[in-house]
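Letters A, B, ... mirror the listed sequences (proteins, then strands); counts begin at 1. These numbers come from a predicted model, not from an experiment. Hydrogens, waters and symmetry mates play no part in the numbers below; they use all other heavy atoms, side chains included.
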Amino acid sequence: MRITLASLICALLLLVVFGTSVYFLYRFGPGAVPRPAFIRQAQLETLTLAGLYVANFLALAFSVLLPVDSLSGEIDSGVIQTIASKPVSRSTIVLGKWLAFLGMATGYLLLVTLGVVLLVRLFTGFVPPHLATALPVLLLGAATLLTLSIAGGTRMTTITNAIVVFGFYAIAFIGGWIETIGALLGSDAARYIGTAISLVSPVDAMWRLAAHRLQSPLVQQLPGPFSSAAVPSAAMVVWAVGYVIATLLAALRGFRTRAL
Amino acid sequence: MSEAVVQTRSLRRQFGATVAVADLSLSIGRGEIFGFLGPNGAGKTTSLKLLLGLLEPGGGTGEVLGAPLGERRARARIGFLPEHFRFHCCLTGRELLRFHGKLHGMRGAVLERRIDELLVRVDLTDAEGRPLREYSKGMTQRVGLAQALINDPELVFLDEPTSGLDPLGRLLVRDIIQELRDRGTTVFLNSHLLGEVEATCDRVVFVREGRVVRELSLAQSVGDIAVELRVAPLDPATLAGLAQFGSAITRTRELLRMRVSDESVLPKLAAWLVGRGLSLYELRSRRRSLEEWFVEIMGDGQRPG
């Protein structure tokens, strides 16, 4: 409850800060000055992606922290003993929690990302392309960390679990940069290392794929913080889906054999 | 014994190198109020968790209500109050009972009616709408007892049910156990309060290092009775003759102490002494308390837990 409330406050802060910035930039600041259409397009796409990057980060943090204490905390406190001794299977307990948290994470992701998009639309009239296909990819990234967090909770204490899952995110983040820099410098070795890291933790790959989808073909060619130099393939989406399923199965197995 | 609702054969469970339950063989009949006694670290809570399916046994087998340990259809007919009852503290008392009722598949008016009954029974009607985090230890224990009974179970496992309760709370738990007995519900009671066990249980087992070391029936009026006699004159022939009535005969001046197996021995003993022309000044008998049994069975080497 407190995690949800704190996350909602963070989301509200993000939207207020972002909305205020966009408003002043495009009503009174440099953005109000007439420029060539492609420059204005590039500026707006970069600005939107910057907002979405933070929104995605908040959604990922929410996906890790919301369920991180759910199983491990209930095991540690003993709450789970009266629940698991009832006529419900342990798989049902894990799946129930997974579905509930996935629903909440989806709601939160939609709130922060669509909030950013709506603010940009409200103050500039711009809407990024392919939003309908990019958002499910972002959700897949969040589902990856959420499922890892639940699976970790079947075997680890809350703090250890949080450290491990954030570690997975940090690895993915570094892997993404290695892959992008490798692509920009033409280093195959760096690209392979980055891809291998993305296979271990596909969270950042989902962001890069979604960010690529949210840019127009013109902006995709430009270098920048959201460069499309190393865009994961559609196969990575299939891999991430399989990753979530495999992690969920590991969670089910881990909890089924867990001493309570 | 009537039909066994709990039956285990050589159950074993260890954690790393530590053996918590070494060889647990139990049989509990339907409708029995069964006490499970032992010092701290004897493996009582681990045994209970094995019976509930919260732990997988490392060896041995067992059935609860005719089903293998931990099977879901048996769990539907079981109630359980853990030693340290914990809960989602944002819930109110009624919400907690509703949550646990729903886990049993109960819904609607049937569930609400059952919650009403239980709240009255555990004397929490006035606190049903308060969050559990505001409950006292005793109230927590009582709402925990109510959740254990929400499905009207055939078999109830109570792990230290009177822990944290004041004398009135203990009396309430004792009354509830008595009601369960009257309805034919089997109760598995794990408690350190031997007085409570003595007052409620039909039979107890003592466990030490994960093994049953002694079984004792409290329901039947048989058992070890300590007798003190003051009789005169005391001659060697009388002392030798007393051996036919009991054992452990000791003499301190005019006072004789001995143990007999049954209360029916006492009038025969008195008649025998008077028949020999002896003057019987005093004859006192006292049944051994469960605490005395506990100390004797667990041995002098047992350290306080």
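Taking each heavy atom of L54(B) and S85(A) in turn, the nearest pair found is CD2-N, 4.1 Å. Considering every non-hydrogen atom in both P87(A) and R75(B), the closest pair reads CD-O, 4.0 Å. Minimum heavy-atom separation, Q147(B) to T82(A): NE2-CG2, 3.6 Å. Nearest approach of R86(B) to S77(A), heavy atoms of both residues: CG-O, 2.9 Å.
Within 6.0 Å of atom CD in E56(B), 12 or fewer heavy atoms from other residues, nucleotides or ligands are found, so the atom counts as exposed in its surroundings. Within a 6.0 Å radius of CG in L114(A), other residues, nucleotides and ligands contribute more than 12 heavy atoms. The number of heavy atoms from other shown groups lying within 6.0 Å of CZ (R258(A)) is above 12. The number of heavy-atom neighbours closer than 6.0 Å to CD of E209(B), taken from other residues, nucleotides and ligands shown, is 12 or below. Other residues, nucleotides and ligands contribute only 12 or fewer heavy atoms inside 6.0 Å of the CZ atom of R253(A).
Checking H104(B) against K86(A) by side-chain atom types alone, no donor-acceptor pair falls below 3.5 Å. Judged by distance alone, the side chains of E74(A) and H88(B) do bring a donor and an acceptor atom under 3.5 Å apart.
Neither the backbone nor the side chain of F157(B) has a heavy atom closer than 4.5 Å to any heavy atom of chain A. For R73(B), no part lies under 4.5 angstrom from a heavy atom of chain A. For I78(B), no part sits under 4.5 Å from any heavy atom of chain A, backbone or side chain. For R90(A), the part lying near chain B is the side chain, with the backbone staying farther off; criterion is any non-hydrogen pair under 4.5 Å. For chain A, the nearby part of F87(B) is the backbone; its heavy atoms alone come within less than 4.5 Å.
Using a 4.5 Å cut-off on side-chain heavy atoms (C-beta onward), L260(A) and L55(B) make no contact.
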**Q.** Audit row: H84(B), Q81(A), side chain to side chain contact (heavy atoms under 4.5 Å, CB included) steps and yes/no
**A.** CA-CA 10 Å; H84(B) 303 291; Q81(A) 288 179 15; over 6 Å; no
